[in-house]
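What follows is one structure encoded as structure tokens, with my remarks underneath.
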Protein chains: 2
Amino acid sequence: MSLRHGLLGLLAEGPASGYDLLKSFELSLANVWPATQSQLYTELNKLAGSGLIEVVAEGARGRKEYGITESGLAELRHWMTEVPPQQVHRSDMLLRVFFLSQITGEGARSYLRHLGEVAAKGLEELESMREFVDSGTENLSVYGRLALEYGLRLHRTQVEWAQWAEEQIR
Amino acid sequence: MSLRHGLLGLLAEGPASGYDLLKSFELSLANVWPATQSQLYTELNKLAGSGLIEVVAEGARGRKEYGITESGLAELRHWMTEVPPQQVHRSDMLLRVFFLSQITGEGARSYLRHLGEVAAKGLEELESMREFVDSGTENLSVYGRLALEYGLRLHRTQVEWAQWAEEQIR
DNA sequence: CGGTTCATGTAATACGTTACATGATTCG
DNA sequence: CGAATCATGTAACGTATTACATGAACCG
């Protein structure tokens, strides 16, 4: 249900085409709400159908630029302020942890080590992203920075946990 | 695809009915891989159909006790060791953070405060869960403890981040 | 004997992924 | 003029949620 709100949120900052929005999802929202091309175009048509967005311009190659409508803005604000955020995260990574007794001790340690490495790699990426953002060439909002910082802290936590967890298995 | 492996993992520790498994999902796996009753029974039938589990006993009230088969164990281990964990989480909570500029500063602060409170509450719950586990009455595996510790650290991180984030908006 | 718990299933709907399909325009 | 990029869409399939539906057995 939130792809819809991701699109509304982006369109609230200005008109854009499906193609533009896809790029935005790939760049800024990739870690928060990934979406496929297919899903995105379908949802745009649904949103236009229900009047939350509308085509404001048409360009070359069938390009359709969408703008958010008043009722779209209302829906966005309603979602922001009234709809309680859902706290359900599925994690196949953690699910495996529950079943580590099914493999050998060395297998378990190597799995946890791997998790640590992956998290460390993700952390590095986010750090270079922050440097890029801080250099000023890219204008990420204050709020984008908050989200980025969340990612940084989360990854650090995971790196530390993975190290700790590996040590527990002896 | 991982509900399947959650079921296999639980059945690897001993036979159980759909009803039993549902309780296990609600208790131990609720924070890692929530599943509904409907989904679970459907998946059990699929698993039995493909020979990864089998009915080992039938009880009162149509109770069917399932056991994992050799090929089920093989599939579980394959998933544990060969299939790379997916690192894709969607978070409507963070998505909202990206769009906080759409509401007032006070609205934004109150949202972040709320996130902190929710995380703090979750943290408390996990802490009492740990106490319960450590008291020894309940026998959670070493690996369950690792997952629990992950949850604790994650929640602490979120509490701290929410406080920090709220201070950034002035 | 009546309410709770045990126990299993189906149907409709929504959301997400992968693959398929097509074509216009720009740029070198 | 050919490759890359821009640009949009559909179809099939798998997974997840909600609601509906049913009934046996246990316990007080």
Side-chain angles (χ1 to χ4, degrees), chain A residues 1-8 10-11 15-27 29-50 53-66 79 83-84 86-92 95, chain B residues 1-8 11 15-27 29-50 52-66 79 83-84 86-92 95:
Chain A
M1 200 41 150
S2 284
L3 167 61
R4 153 182 239 91
H5 299 109
L7 291 171
L8 289 175
L10 290 177
L11 287 175
S17 69
Y19 195 81
D20 297 337
L21 293 164
L22 185 61
K23 299 294 160 196
S24 295
F25 266 79
E26 278 165 6
L27 284 171
L29 299 186
N31 297 304
V32 169
W33 203 274
T36 60
Q37 175 257 53
S38 161
Q39 209 187 344
L40 198 148
Y41 281 110
T42 308
E43 189 62 37
L44 281 173
N45 282 321
K46 278 193 208 162
L47 281 166
S50 52
I53 65 175
E54 60 190 0
V55 177
V56 293
E58 306 209 18
R61 285 172 284 200
R63 177 186 170 94
K64 288 191 277 182
E65 214 159 43
Y66 291 99
W79 175 74
V83 181
Q86 273 191 259
Q87 212 64 9
V88 273
H89 31 23
R90 290 188 165 78
S91 168
D92 68 329
L95 187 59
Chain B
M1 198 44 150
S2 284
L3 167 61
R4 153 183 240 93
H5 299 109
L7 291 170
L8 288 174
L11 286 175
S17 68
Y19 194 83
D20 297 338
L21 293 164
L22 186 60
K23 298 293 159 197
S24 294
F25 265 78
E26 279 165 6
L27 283 171
L29 299 185
N31 298 303
V32 170
W33 203 275
T36 60
Q37 176 256 55
S38 162
Q39 211 187 342
L40 199 148
Y41 281 109
T42 306
E43 190 62 37
L44 281 174
N45 282 321
K46 278 193 206 162
L47 281 167
S50 52
L52 300 180
I53 64 175
E54 61 189 1
V55 176
V56 293
E58 307 208 19
R61 284 170 285 198
R63 177 186 171 95
K64 288 190 277 183
E65 214 160 43
Y66 290 99
W79 175 74
V83 181
Q86 273 190 258
Q87 210 64 11
V88 46
H89 14 35
R90 292 188 164 77
S91 167
D92 68 327
L95 188 59

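Because the structure is a prediction, the values reported are computed rather than measured. Numbered from 1 within each chain, the chains take letters A, B, ... in sequence-line order. Quick note: numbers below take in every heavy atom, side chains included, and nothing from hydrogens, waters or symmetry partners.
Rounded to an integer number of Å, the gap from A:Arg63 CZ to C:dT25 P is 14 Å. For the pair B:Phe25 CZ and D:dT17 P, the interatomic distance rounds to 12 Å; values are reported in whole Å. If you take CG of B:Asp20 and P of C:dT8, they are 8 Å apart, rounded to a whole angstrom. Between A:Glu26 atom CD and D:dA7 atom P there is a gap of 13 Å when expressed in whole angstrom units. B:Tyr19 places its OH atom 17 Å from the P atom of D:dA24, with the value rounded to the nearest Å. Nucleotide D:dC6 holds its C1' atom 15 Å from the CG atom of A:Leu40, rounded to whole Å. Counting to the nearest Å, the C1' atom of C:dA21 and the OH atom of A:Tyr41 are 14 Å from each other. Here the P atom of nucleotide C:dT5 and the CZ atom of B:Arg61 are 12 Å apart, to the nearest Å.
Here A:Lys46 does not reach the OP1 or OP2 of C:dA14: none of its side-chain N or O atoms lies under 4.0 Å away. Applying the 4.0 Å criterion to OP1 and OP2 of D:dT17, one finds that A:Arg90 has a side-chain N or O inside that range. Regarding contacts with the backbone of D:dT17, a side-chain N or O of B:Gln39 is found under 4.0 angstrom from either OP1 or OP2. OP1 or OP2 of C:dA7 has not a single side-chain nitrogen or oxygen of B:Lys23 nearer than 4.0 Å.
Using a 4.5 Å cut-off on side-chain heavy atoms (C-beta onward), B:Lys64 and B:Leu44 make no contact. By the 4.5 Å heavy-atom criterion applied to side chains, B:Tyr66 and B:Val56 are not counted as neighbours. Side-chain contact between B:His5 and A:Asp92 is absent, with no heavy atoms from C-beta onward closer than 4.5 Å. Between B:Leu7 and B:Ile53 there is no side-chain heavy-atom pair separated by less than 4.5 Å.
Remark: the B:Thr36 side chain and the D:dT18 base include no donor-acceptor N/O pair separated by less than 3.5 Å. Counting distance only, with no hydrogens placed and no angle test, the side-chain atoms of B:Ser38 and the base atoms of C:dA11 include a donor-acceptor pair under 3.5 Å. Residue-to-nucleotide contacts include no donor-acceptor pair under 3.5 Å from the side chain of A:Ser17 to the base of D:dT8.
When base pairs are accepted only as Watson-Crick or G-U wobble with both N-N or N-O distances under 3.5 Å, DNA chain D takes part in stems of 3 or more pairs at C:1-28 with D:1-28.
Between the CG atom of A:Leu29 and the OG atom of A:Ser2 there is a distance of 11.5 Å, given to the nearest 0.5 Å.
Counting all heavy atoms, side chain and backbone alike, B:Trp33 lies closest to B:Phe25 at O-CD2, 3.2 Å.
Here C:dG9 is the nucleotide among C:dT10, C:dG9, D:dA25 with the atom lying nearest to any side-chain atom of B:Tyr66.
Side chain of B:Ser17 to main chain of B:Asp20: a donor-acceptor pair is present (N/O by atom type, distance under 3.5 Å, no hydrogens or angles).
Nearer to the 5' terminus of DNA chain C, by closest-nucleotide assignment, is the contact made by B:Gly18 (compared with the other of B:Val88 and B:Gly18).
Within 4.0 Å (heavy atoms only), A:Arg4 reaches no atom of the nucleic acid at all. Within 4.0 Å (heavy atoms only), A:Gln37 reaches at least one base atom of the nucleic acid.
Cation-pi geometry between B:Lys23 and B:Tyr19 is satisfied (NZ or CZ under 6.0 Å from the ring centre, within 45° of the ring normal).
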